[in-house]
Amino acid sequence: MSGRGGRTTDRSGPVLLGVRHHGPGSARAVRAALEQCTPAAVLIEGPPEADELVPLAAHEEMRPPVALLAHAQDDPGRAAFWPLAEFSPEWVAMRWALEHGVPVRFIDLPAAHSLAGGDDGETADEGAGEQEAGDQETGEQGAGAAEVRIDPIGVLAETAGYDDPERWWEDVVEHRGGGGAGADALAPFAALAEAMAALRETYGDGGHDRDPVREAHMRLRLRAARKEFGDDLAVVCGAWHVPALVQRTTMTADRQLLKGLPKVKAAVTWVPWTHRRLSRRSGYGAGIASPGWYGHLFSAPDRPVERWLTKVAGLLREEDYAVSSAHVIEAVRLAEGLATVRGRPLAGLTELDDAVRAVMGDGTDAPSLLIHDRLVVGEVLGEVPEDAPAVPLQRDIARSQRTLRLKPEALERELELDLRKETDAGRSRLLHRLRLLGIPWGEPTRSRGSTGTFRETWRLRWEPELAVRVAEAGIWGTTVLSAATAKAASEAAGAAHLAEVTALAERCLLAELPDALPVVMQALSDRAALDADVGHLAQALPALVRSVRYGDVRGTDAAALREVATGLAERVFVGLPPACPGLDADGAADMRGHLDATHQAVGLLGQPDTERRPEGNGLRTRWAGVLRAVSERDTVPGLLRGRATRLLLDDGELGDGGAERLMGLALSLGTPPTDAAGWIEGFVGGGDGGMLLVHDERLLALVDGWLTGVPDAAFTDVLPLLRRTFAEYESGVRRTLGELVRRGPATAPRHPAGDAPDAAVPGFGPGLDRDRAAAVLPTLRMLLGIGQHGFGDDPPELSRPADDLTGART
């Protein structure tokens, strides 16, 4: 090999085409060079294990962006990607070779060595960071080495007087034309090779410690190709490597550099990629800031500025922006004028953004942010043919996706499922099974519509890294069902806490894994029998009760789960009262969460249904007894006593005056102020506590009277607790409470003279102001569609205003 870079008219050796990965200008230049040289073979920087996958690039179902995925067969988590877009020079060279029947060989260091030689910093993206002119590798060297690495494009841009390497590269390469008919297509590569040779003479390997090993392997592969095909070769590689490939070395020296490298058995395949994962902000080392813009530059046959702004106008119109053809014409003029003033050969993204902001956005950045996400970066997801090599689990996932009409998409979207429909139920099973396998294609989210148990809402987005997760999960089985079943059984055996097993039981029911559920239930029974910590039991109960509920909804036999849940609830009932006394503030806060969770679980588990579940009322009755014991025990922290009292009140278990009696005891003079403040926090804490005080002025009067009597020395300790409690209320509730306190609590009910006061309504103050109640009735009639005189023809009666007001509350 001779010469410092790519040759022009000399036919004495291989043509070295130094490129920048994912550069449309480099891609166009490579195509022109190959058309001019018509080599006998094309060598490309990439893992040699992928040589057999090259024919798939010509498949009609192959749509870039795609990536070569290599992973260790014994450890699929050790993986690397080599992404390729339609504007990647390597992709263009590969497609040109396939169209002309020219062999293709990859010449970079084998993935078997790359995957075996990484340290703890190696990630699935590491292989994607193949060094190119201007890009930085990731995941290999650590922070210290990264500080001394050389950015070739940055150095050349600084030499040319540019402060932005991207701007310099676009002006010199991406926005330049092909030079016209008859121009030498190899001249740009020769110039770039000369520049890189000068940099290598100054900086050596530039701090990229792995490059000498990679380049030694490239030289060996190049020698082998020359023996097989002769010197009529074209080599497409990062421009940084060109000086090393023309360097005079011996085969022995290169082999010595490769001697002793660790090695693993690697598998390679094609996987879909996305434009978003090509962008720099995604963490991909050889990424680009604007893949959508580069794709436009590569595919636009002419007038790229006009065509781009037309796309922008179409997008803004879809988002209801008032954009006309006149806006497009004026934006084109402004962008081209800015490029001329700034000395650029073509308006770039900076000029286009300025033009859009000034002409279409009225000086705001809102359209620019939308354009950046949808066009500059883009949401393009590539496609790979079905006959590409894949683990059996991946093929089963693909079959399920086709059957359920659930196509992977790069754009995030919400999916509403109705579990009563067979297709939606199948989609739910697939998504839950994939989540159990650690493949989070979909994430459950809160539904904006119905919240019934027959509804599920998922947020779906397919990321390229999920291909690695699929390969990792392939060790559990060849189908989604068998793999999820095997992993659930393994997790049940290795779970360290009871709550983990109950959560796993819930996931098994959601994913409908009938063969895994007996194993999980056995582990659940064993751990529940041995765990005596009431906190652990209370943590485990809610998930188990939800599992019982989901079993009913999905038609799964949950009788065994109900039996275990009932037994677990009984153990919580027994162990909770002795566990509450003597707790510190943190322990009381944790136990309050257990109280709330258990209360909700008992409400679901003990739903009154005398025909099917006669034990339901018994559970609720025993739980009410537990709450009474907690609420009346002086040694229990005030936070827990207050919370237990509130739960009893909400369930109607205290009777008339019960809440006032317990509050009066808790706020008596003998109670320490901090403990009394904790009682108030437990009783009226939460978003709905304020409304209780608004509607029951007796309780508000007790709180107000206690607060006014708190000693000055203790007030500073009480204030943070009260502020935390009342800060949770909505502003309207806080304002109403302030007005009530300023007015002073009512001492007697207001009613017309001569009329006897009405009986108190549960949850309200004594008596009722009948005039105020009557004023509400016309509005209620209108809202409920009731006639002028009620449901019938009788005149309105106010003899039972308490009933009317109770109905209004309901």
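Being a predicted model, the structure only gives us computed values, none of them experimental.
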Participant: Contact between Val19 and Val30 at the side-chain level, heavy atoms closer than 4.5 Å - yes or no?
Facilitator: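 Yes - at least one pair of side-chain heavy atoms lies under 4.5 Å apart.
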Participant: Tell me, with the steps shown, if Asp232 and Thr38 meet side chain to side chain contact (heavy atoms under 4.5 Å, CB included).
Facilitator: CA-CA 8 Å; Asp232 193 11; Thr38 61; 5.6 Å; no
Participant: For Leu34 versus Ala93, what's the shortest heavy-atom pair and its separation?
Facilitator: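 Closest approach of Leu34 to Ala93: CD1-CA, 3.8 Å.
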Participant: Return yes when atom CD of Glu412 has more than 12 non-hydrogen atoms of other residues, nucleotides or ligands closer than 6.0 Å, and no otherwise.
Facilitator: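 Correct, the count exceeds 12.
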Participant: Between NE2 of His241 and CG of Asp211, what distance do you get to the nearest 0.5 Å?
Facilitator: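 Between atom NE2 of His241 and atom CG of Asp211 there are 5.0 Å.
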Participant: Do you know the tightest heavy-atom contact between Ala57 and Met94?
Facilitator: CB-SD, 3.6 Å
Participant: Looking at CZ of Arg469 and CG of Leu434, how far apart are the two atoms once the value is rounded to the nearest 0.5 Å?
Facilitator: 12.0 Å
Participant: Quick check against the 3.5 Å criterion: does Arg78 have a side-chain atom that pairs as donor or acceptor with the backbone of Leu115?
Facilitator: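 Here the side-chain-to-backbone pair exists.
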Participant: Would you confirm whether Asp231, through its side chain, and Pro14, through its main-chain N or O, come within 3.5 Å as a donor-acceptor pair?
Facilitator: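 Absent.
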Participant: Do the side chain of Thr202 and the main chain of Ala198 share a donor and acceptor less than 3.5 angstrom apart?
Facilitator: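 Answer holds: yes.
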Participant: Has His113 got a side-chain atom pairing as donor or acceptor with Pro262's backbone, closer than 3.5 angstrom?
Facilitator: yes
Participant: Taking atom types as modelled and ignoring hydrogens, do the side chains of Trp82 and Asp108 form a donor-acceptor contact shorter than 3.5 angstrom?
Facilitator: no
Participant: State, with a plain yes or no, whether a side-chain heavy atom of Leu245 is found less than 4.5 Å away from one of Cys237.
Facilitator: yes
Participant: Ignoring hydrogens and geometry, is there a side-chain-to-backbone donor-acceptor pair from Arg200 to Gly204 under 3.5 Å?
Facilitator: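 Yes, the answer is positive, given that a donor and an acceptor are paired below the 3.5 Å cut-off.
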Participant: What pairs with His59 under ring-ring contact (aromatic ring centres under 6.0 Å, His included), at least two apart in sequence or on another chain?
Facilitator: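 For His59 there are no ring-ring contact (aromatic ring centres under 6.0 Å, His included) partners, ignoring immediate neighbours.
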Participant: Just wondering, more than 12 heavy atoms not from Glu52 lying within 6.0 Å of its CD?
Facilitator: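 Atom CD in Glu52 is not packed in, count stays at 12 or less.
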Participant: Measure from the side-chain N and O atoms of Glu45 to the backbone N and O of Phe106, and report whether any donor-acceptor pair falls under 3.5 Å.
Facilitator: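 Judged by distance alone, no pair lies under 3.5 Å.
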Participant: Is the shortest heavy-atom distance from the side chain of Leu233 to the side chain of Val15 under 4.5 Å?
Facilitator: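 When only atoms from C-beta onward are counted, Val15 and Leu233 do not touch, as no gap falls below 4.5 Å.
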Participant: Between atom NE2 of His217 and atom CG of Leu261, what is the distance when rounded to the nearest 0.5 Å?
Facilitator: 9.5 Å
Participant: Please find the pair of heavy atoms, one from Ala473 and one from Ala483, that lie closest to each other, and give the distance.
Facilitator: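 In terms of heavy atoms, the two residues are closest at O-CB, 4.3 Å.
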Participant: Do side-chain atoms of Arg63 reach the backbone of Glu60 as a donor and acceptor pair under 3.5 angstrom?
Facilitator: yes
Participant: Heavy-atom distance under 4.5 Å between the side chains of Pro83 and Trp91, does that happen here?
Facilitator: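 Pro83 does not reach Trp91 side chain to side chain.
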Participant: Determine the minimum heavy-atom distance between Leu68 and Leu53, stating which atoms define it.
Facilitator: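 Closest heavy-atom pair between Leu68 and Leu53: CD2-CD1, 4.0 Å.
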Participant: State whether Glu463 and Arg461 are salt-bridged, where the test is any N-O pair (Lys NZ or Arg NE/NH1/NH2 against Asp/Glu carboxylate O) under 4.0 Å.
Facilitator: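 A salt bridge is present here (some side-chain N lies under 4.0 Å from a carboxylate O).
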Participant: Counting distance only, does the side-chain N/O of Thr269 pair as donor-acceptor with the main-chain N or O of Pro389 below 3.5 Å?
Facilitator: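 Side chain of Thr269 to backbone of Pro389, a donor-acceptor pair under 3.5 Å: yes, one is there.
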Participant: For the pair His275 and Phe87, name the ring-plane relationship: parallel under 30°, tilted 30 to 60°, perpendicular over 60°.
Facilitator: tilted
Participant: List the residues meeting side chain to side chain contact (heavy atoms under 4.5 Å, CB included) with Ala339, not counting sequence neighbours, and say none if there are none.
Facilitator: Arg344, Ala347, Glu351
Participant: ring-ring contact (aromatic ring centres under 6.0 Å, His included) with Trp441: which residues, sequence neighbours excluded?
Facilitator: Trp462
Participant: Side chains of Thr310 and Arg307: does their closest heavy-atom pair fall under 4.5 Å?
Facilitator: no
Participant: Using a 4.5 Å cut-off on heavy atoms from C-beta on, say whether the side chain of Glu386 contacts that of Arg402.
Facilitator: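 Yes - at least one pair of side-chain heavy atoms lies under 4.5 Å apart.
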Participant: Please name all residues satisfying salt bridge (charged side-chain N to carboxylate O under 4.0 Å, His left out) with Glu306, sequence neighbours left out, ordered by chain then number.
Facilitator: none
Participant: Heavy atoms only: give me the nearest Ala70-Val268 pair and the separation to one decimal.
Facilitator: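 Looks like CB-CG2, 3.9 Å.
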Participant: Rounded to the nearest 0.5 Å, how far apart are CZ of Arg28 and CG of Leu297?
Facilitator: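 Answer for the CZ-CG pair, Arg28 versus Leu297, is 6.5 Å.
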Participant: For His296, which residues count as a side-chain hydrogen bond (donor to acceptor under 3.5 Å, both in side chains) partner, sequence neighbours excluded?
Facilitator: Lys311
Participant: Apply side chain to side chain contact (heavy atoms under 4.5 Å, CB included) to the pair Trp270 and Leu69, showing each step before the final yes or no.
Facilitator: CA-CA 6 Å; Trp270 290 107; Leu69 165 63; over 6 Å; no
Participant: Test of understanding: with salt bridge (charged side-chain N to carboxylate O under 4.0 Å, His left out), list the residues that count as partners of Arg221, not counting sequence neighbours.
Facilitator: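 Counting only residues at least two positions away or on another chain, Arg221 forms a salt bridge (charged side-chain N to carboxylate O under 4.0 Å, His left out) with Asp51.
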Participant: Taking only residues two or more places apart in sequence or in another chain, which ones pass side chain to side chain contact (heavy atoms under 4.5 Å, CB included) with Ser290?
Facilitator: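 Ser290 satisfies side chain to side chain contact (heavy atoms under 4.5 Å, CB included) with Trp293, Tyr294, Leu349, Val376 once adjacent residues are dropped.
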Participant: Ignoring hydrogens and geometry, is there a side-chain-to-backbone donor-acceptor pair from Ser88 to Ala85 under 3.5 Å?
Facilitator: yes
Participant: Listed by chain and number, what are the side chain to side chain contact (heavy atoms under 4.5 Å, CB included) partners of Ala471, not counting sequence neighbours?
Facilitator: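 Residues passing side chain to side chain contact (heavy atoms under 4.5 Å, CB included) with Ala471: His71, Pro76.
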Participant: By salt bridge (charged side-chain N to carboxylate O under 4.0 Å, His left out), which residues pair with Arg405, not counting sequence neighbours?
Facilitator: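 If we apply the salt bridge (charged side-chain N to carboxylate O under 4.0 Å, His left out) test to Arg405, skipping adjacent residues, there are no hits.
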Participant: Does any pair with a residue in residues 252-268 pass side chain to side chain donor-acceptor pair (under 3.5 Å), and if so which ones, sequence neighbours excluded?
Facilitator: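 Matches after skipping sequence neighbours: Arg219-Asp254, Arg223-Asp254, Thr249-Asp254.
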Participant: Atom CG in Leu393, atom CD in Glu472: separation rounded to 0.5 Å?
Facilitator: 11.5 Å
Participant: Taking all non-hydrogen atoms of both residues into account, name the closest pair between Pro39 and Trp96 and its distance.
Facilitator: CD-CH2, 3.6 Å
Participant: Any salt bridge between Arg95 and Glu90, counting N to O under 4.0 Å?
Facilitator: no
Participant: Are any of the side-chain nitrogens in Glu465 or Arg277 under 4.0 Å away from the carboxylate oxygens of its partner?
Facilitator: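 Salt bridge between Glu465 and Arg277, a charged N being under 4.0 Å from a carboxylate O: yes.
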Participant: Look up atom CG in Leu352 and atom CD1 in Ile371, then write down how far apart they are to the nearest 0.5 Å.
Facilitator: 9.5 Å
Participant: Taking side-chain hydrogen bond (donor to acceptor under 3.5 Å, both in side chains) as the definition, give me every residue that meets it alongside Glu228, ordered by chain and number, with sequence neighbours left out.
Facilitator: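 Expected list: Arg105.
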Participant: Just wondering, do Phe189 and Leu16 contact through their side chains at under 4.5 Å, heavy atoms?
Facilitator: no
Participant: Got a sec, which residues hit salt bridge (charged side-chain N to carboxylate O under 4.0 Å, His left out) with Arg303, two or more places apart in sequence or on another chain?
Facilitator: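 Applying salt bridge (charged side-chain N to carboxylate O under 4.0 Å, His left out) to Arg303 gives none.
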Participant: Could you walk me through whether Val380 and Arg276 satisfy the side chain to side chain contact (heavy atoms under 4.5 Å, CB included) test, starting with their C-alpha distance in whole Å, then the side-chain angles of each, then the deciding distance to 0.1 Å, before giving a yes or no?
Facilitator: CA-CA 8 Å; Val380 179; Arg276 187 168 297 276; over 6 Å; no
Participant: Is any side-chain heavy atom of Leu222 closer than 4.5 Å to a side-chain heavy atom of Met218?
Facilitator: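 They are not in contact (no side-chain heavy atoms under 4.5 Å apart), so the answer is no.
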